[in-house]
J.: 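Sharing a structure here in structure tokens format.
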Amino acid sequence: MFKNKFLLVVISAALFSYCWLTDLYFDLKEAGYIDNLLINVEVDDSAFEKLNIYRISPKNNIDNLLKDDINKSFISMQKGYISKIILSIPEDKIRLMQNIKIIFGSKKFEYSNNEIIKWEKSLKQDDIIELYFPDEVKSNISKIKHFNNIINWQGDLKIFFKSFFYTLFLFIFFLILFAVIYKILKSAIPKEVSVDFEKETDNKKVKNLIKNYYEKKSAQKIALKKDLTLIDNIKLFSLIENNYTYKTLFILLFFTVIIFGLVQRFILTQLPYLTGDVWGYIGTSVIKYDTGQFVHVAGRSFLYPGFVYLILALFKDFAYISIIQHLLGAVTSLLLFFVFRNLIRFFYKDIGIVTIDFLSLLIMTIYSSSQAVIMLEHYILRESIYPFLIIIQLFFFVMTLMNIFKKNEKSSIVFLILFFMNNFLIFFYQPRWTLTFIFNLIIYIVFLYILKINSIKKIILVFLLPLIFSMVLLYVPEKILFKNETATESFLSAHLLFGHARIADIEFEKDINDPDFIKYDKEILIELRKYFNDVFSKKGLKYIGYNVNKLIYGEANSFLKSRFTSSDYKNFCKYYFFRSVFKHPFLYSKKVIKEMSLFYNFKGTMYSDRVYGRDDSLWEYSYTRLPSYKSDYVPYLNYKNALYNYKKSYYDIKKITLPFEKCILLFLSLTFLISLLLFFVLFIINVFMFIKKKPDFPDISFGLTVLIFYLFNFFINLTTSMIYSLDVNRYIDDQILLVLISQFLSFIYIFHFFKRIINKNKIKN
């Protein structure tokens, strides 16, 4: 008994230390508890209009403070440390500055005009000068290196203790919560079990538990032994699946997670956020109203614009786009729970039901409360509902697999057909599914072989009819509805060329210097290289090293389109892309590998780097993304008006966050690649261990399923890296679903592998 208690204390202390240090790490990294900086300015309207205030981080990153015209103030919404504050103002307006008041938490600083004009200054162009706020604004002299010149540093001890007591409070709360749940589950363990139940159950683990912890009471009943340890009770939780108390507790927790996820989503004002791609998605609906034609916009397939159009046709309000996307996100988390739970229960019957249920609830909670996922659902983007389509595909795959093993041929065929058709849907919806699409077709063929689909009638039913139906549903509307197809033809070609512009630039230079080259006008290549090198000289995506969008949507693309017909433009882009790839396979491979390393690495960037703000400024930014298109479409006008007039209060919208969310995500980030590699090694060992005899059904089959889930994710990322770049947040965020389920399933596989080895050693001894 003492050993169990001592072990519990050690585990609790280790968990507390990890949670505290993790919270402290993010506190230092992101300044999560730092109060907002408010600067009130007393000046006339003409001077305030030309006034700007900047913050400089310790890394010399410069950001504008948000300007509040109504209250004549500036507010710092970007969390992080500040080393300097700069006031930018026309030199002739300095005398008009009557007063500046700086409010930072409980600290207040106030300066009159006589003091302001004495501030350190530097002359700039157009008579604009910069005034540096005085050093006395700095809060303290820190004893920590690199923090001794930070304006908003809260103090060495303060920030350490603040994090400590925050973690301690939450930790004690959760210990009490777990103790209560433990007591409830302990009371739910049956005190008596019928002998018939012991004989009838197929679960070996349950039989062993009954044998070890129950003693004979009568001819019909056996009773629970007394003085059981904590570990004993945890083992006995496997027996309580059908207990009323347990079912009630589980249902309560299940619906708590669902409600928690919905509250997280709908606490935001349901005005969707926008990116620069928005016109490709909403332009179809707006133009359809104005002209009566459902036209193709910016190379997008009709599915997502059609989805947006359908919502607007039904509800006539842009807010319903984010509402429905959030609802689909909630459904995605439910299906994630279902797929994960049923997979483990199907393959590993010896794992306790309580373990499976609570792991399923945990993965559902992490996904449904993920800020990256919630924010993705709030944008008008194809990626917003991409995870929903992926979980549908996983659901069909799992149901096909389970029905094949259960030898339910009719159900297997139904789900296999749905798996086949949804694969086409995702491929058409999102080109990043290309390699995964091919991989799914291979899986489909394997399933056909297992089901022995070899007659003509079955082949027509399971293959030809679904194929024709998919083509009719996807490709026919594409051809009928789209009135201008030029963007479709050139969209992918442009991304292929401009996404690999550095490699293509080598070939441009060769052709310019080659006296025999006549395929294209050299003047075009010379001019294009100027645009390329102008973009190369500026910072952009991490691994590509330049801003691809500046080429795709900038002067380089406009120049090419002005010199070529649509068809010739497409051929030009494809010619130089494929030539670059074949002439420089090493450079191309290096680029792809670097892109993939953004996802697969030991730095923990999968979850922990996905940091998002949820504030009013995102709606202000969204307004700037709308094109200058005049329309009489009322929902569009109302949406534009709502974005433009939304109160610019510049405070974080109140949100509920999952306690210890950062701790969990950091752990998952740091163990993502490790768990993948360890799983793969153990799976290979497992295959070799049973290669000469009948394979162990649960381990081999379950391991193969986990490997397939990992490969789904791998092929999506590989396609993205080959065509464009993974260095775009949403291309990683929409993979969180696949990463979560793969990683948690691999944890189960690794645990079960070592557990089996330990049990075998015990039997030998």
J.: If you round to the nearest 0.5 Å, how far is CD1 of Ile390 from CD1 of Ile392?
T.: 11.5 Å

J.: Just say parallel, tilted or perpendicular for the rings of Tyr588 and Phe577, cut-offs at 30° and 60°.
T.: perpendicular

J.: Within the side chain of Arg265, is there an N or O that forms a donor-acceptor pair under 3.5 Å with the backbone of Ser368?
T.: yes

J.: Would you mind reporting whether Phe266 and Leu327 have side-chain heavy atoms less than 4.5 Å apart?
T.: yes

J.: Would you indicate whether the side-chain heavy atoms of Phe315 and Ile323 approach each other to under 4.5 Å?
T.: no

J.: How close do Pro305 and Gly280 get, heavy atom to heavy atom, and via which atoms?
T.: CG-O, 3.6 Å

J.: Where is the tightest heavy-atom contact between Glu595 and Ile544, given as atom of each residue plus distance?
T.: OE2-CG1, 3.6 Å

J.: Cation over ring, Lys640 on Tyr629, under 6.0 Å and within 45°?
T.: no

J.: Is Phe599 close to Gln735 at the side-chain level, that is, under 4.5 Å between some pair of heavy atoms?
T.: yes

J.: Would you check, one step at a time, whether the test side-chain contact (heavy atoms from CB on, under 4.5 Å) holds for Asp734 with Arg730?
T.: CA-CA 6 Å; Asp734 62 14; Arg730 65 180 184 270; 5.5 Å; no

J.: With side-chain contact (heavy atoms from CB on, under 4.5 Å) as the test, would you mind laying out the steps for Asn423 and Leu441 before giving the verdict?
T.: CA-CA 8 Å; Asn423 187 38; Leu441 289 181; 3.9 Å; yes

J.: Does a side-chain heavy-atom distance below 4.5 Å link Leu551 with Tyr546?
T.: yes

J.: The test is side-chain hydrogen bond (donor to acceptor under 3.5 Å, both in side chains); show your working for Tyr386 and Arg382 and say whether it passes.
T.: CA-CA 6 Å; Tyr386 188 39; Arg382 280 187 303 184; over 6 Å; no

J.: Measure from the side-chain N and O atoms of Ser384 to the backbone N and O of Leu376, and report whether any donor-acceptor pair falls under 3.5 Å.
T.: yes

J.: Nearest 0.5 Å, please: how far is CD1 in Ile321 from CD1 in Ile380?
T.: 4.0 Å

J.: Please report the C-alpha distance between Phe424 and Phe437 in whole Å, then the side-chain angles of each, then the deciding distance to 0.1 Å, and finally whether the ring-ring contact (aromatic ring centres under 6.0 Å, His included) criterion is met.
T.: CA-CA 7 Å; Phe424 271 92; Phe437 168 78; 5.0 Å; yes

J.: Might you work through the side-chain contact (heavy atoms from CB on, under 4.5 Å) test for Lys67 and Phe48, ending with a clear yes or no?
T.: CA-CA 10 Å; Lys67 199 171 186 178; Phe48 185 79; 3.6 Å; yes

J.: Please verify the inter-ring angle class for Phe498 with Phe532; under 30° counts as parallel, over 60° as perpendicular, anything in between as tilted.
T.: perpendicular

J.: Does a side-chain N-to-carboxylate-O contact under 4.0 Å join Arg432 and Glu383?
T.: yes

J.: Taking it one step at a time, do Phe307 and Tyr304 satisfy ring-ring contact (aromatic ring centres under 6.0 Å, His included)?
T.: CA-CA 5 Å; Phe307 170 78; Tyr304 187 72; 5.7 Å; yes

J.: If only atom types and distance count, is the side chain of Ser742 paired as donor or acceptor with the main-chain N or O of Val739 below 3.5 Å?
T.: no

J.: Under 6.0 Å from the CG atom of Leu314, do we count more than 12 heavy atoms belonging to anything else shown?
T.: yes

J.: Using modelled atom types and a 3.5 Å cut-off, is there a donor and acceptor pairing between side-chain atoms of Lys316 and backbone atoms of Val634?
T.: no

J.: If you look at every heavy atom in Ile426 and Leu389, which pair is closest and at what distance?
T.: CD1-O, 3.4 Å

J.: Can you find a heavy atom in the side chain of Leu737 that is under 4.5 Å from one in the side chain of Tyr367?
T.: yes

J.: For the pair Thr332 and Val373, evaluate side-chain contact (heavy atoms from CB on, under 4.5 Å) and give the outcome as yes or no after the intermediate values.
T.: CA-CA 11 Å; Thr332 302; Val373 170; over 6 Å; no

J.: For the aromatic rings, using the six-membered ring if either is Trp, is the centroid distance between Tyr289 and Tyr309 under 6.0 Å?
T.: no

J.: Considering only heavy atoms from C-beta outward, does the side chain of Asn713 approach that of Tyr600 to under 4.5 Å?
T.: yes

J.: Please check this pair: side chain of Gln430 against backbone of Phe428, looking for a donor-acceptor N/O pair closer than 3.5 Å.
T.: no

J.: Has the side chain of His500 got a donor or acceptor atom that lies under 3.5 Å from a matching backbone atom of Met722?
T.: yes

J.: Does any part of the side chain of Asp317, heavy atoms only, come nearer than 4.5 Å to the side chain of Pro635, both counted from C-beta?
T.: no

J.: Quick one: do Asp511 and Lys519 make a salt bridge, cutoff under 4.0 Å?
T.: no

J.: Answer yes or no: is there a donor N or O on one side and an acceptor on the other, between the side chain of Asp534 and the main chain of Lys530, under 3.5 Å?
T.: no

J.: Looking at CG of Asp505 and OG of Ser580, how far apart are the two atoms once the value is rounded to the nearest 0.5 Å?
T.: 9.5 Å

J.: Ring centres of Phe419 and Phe415 under 6.0 Å apart?
T.: no

J.: Compare every heavy atom of Leu381 with every heavy atom of Tyr429, then report the nearest pair and how far apart it is.
T.: OH-O, 4.4 Å

J.: Side chains of Tyr281 and Tyr379, heavy atoms from C-beta outward: is any pair under 4.5 Å?
T.: no

J.: Measure the spacing between CG of Leu435 and CZ of Phe427 and express it to the nearest 0.5 Å.
T.: 10.0 Å

J.: Around atom CZ of Phe564, are there more than 12 heavy atoms from other residues, nucleotides or ligands closer than 6.0 Å?
T.: yes

J.: Could you check whether atom NZ of Lys591 has more than 12 heavy atoms from other residues, nucleotides or ligands sitting under 6.0 Å from it?
T.: yes

J.: Does the side chain of Asn641 come under 3.5 Å of the side chain of Asn645 through a donor N or O and an acceptor N or O?
T.: yes

J.: Check the angle between the aromatic planes of Phe572 and Tyr520 and answer parallel, tilted or perpendicular using the 30° and 60° thresholds.
T.: perpendicular

J.: Would you mind checking if Asp45 and Lys72 are paired as a salt bridge, meaning a charged N to carboxylate O distance below 4.0 Å?
T.: yes

J.: Donor-acceptor check, side chain of Ser558 to backbone of Gly554, threshold 3.5 angstrom: yes or no?
T.: yes

J.: Could you check Val278, Thr275, Leu271, Leu274 and say which one makes a side-chain contact (heavy atoms from CB on, under 4.5 Å) with Ser622?
T.: Leu274

J.: Would you check, one step at a time, whether the test ring-ring contact (aromatic ring centres under 6.0 Å, His included) holds for Phe420 with Phe469?
T.: CA-CA 11 Å; Phe420 177 82; Phe469 194 59; over 10 Å; no

J.: I need the Phe508 CZ to Ile526 CD1 distance, nearest 0.5 Å.
T.: 12.0 Å

J.: What's the spacing between Phe338 CZ and Phe395 CZ if we round to 0.5 Å?
T.: 5.0 Å

J.: Work out which heavy atom in Tyr569 is nearest to a heavy atom in Ala494; give both atom names and the distance.
T.: OH-CB, 3.4 Å

J.: Using a 3.5 Å distance criterion without hydrogens, assess whether the side chain of Gln270 forms a donor-acceptor pair with backbone atoms of Ala319.
T.: no

J.: If every non-hydrogen atom of Ser285 is compared with every non-hydrogen atom of Tyr633, which pair is closest and at what distance?
T.: O-CE2, 4.4 Å

J.: Considering residues, nucleotides and ligands other than Glu527, do more than 12 of their heavy atoms fall under 6.0 Å from its CD?
T.: yes

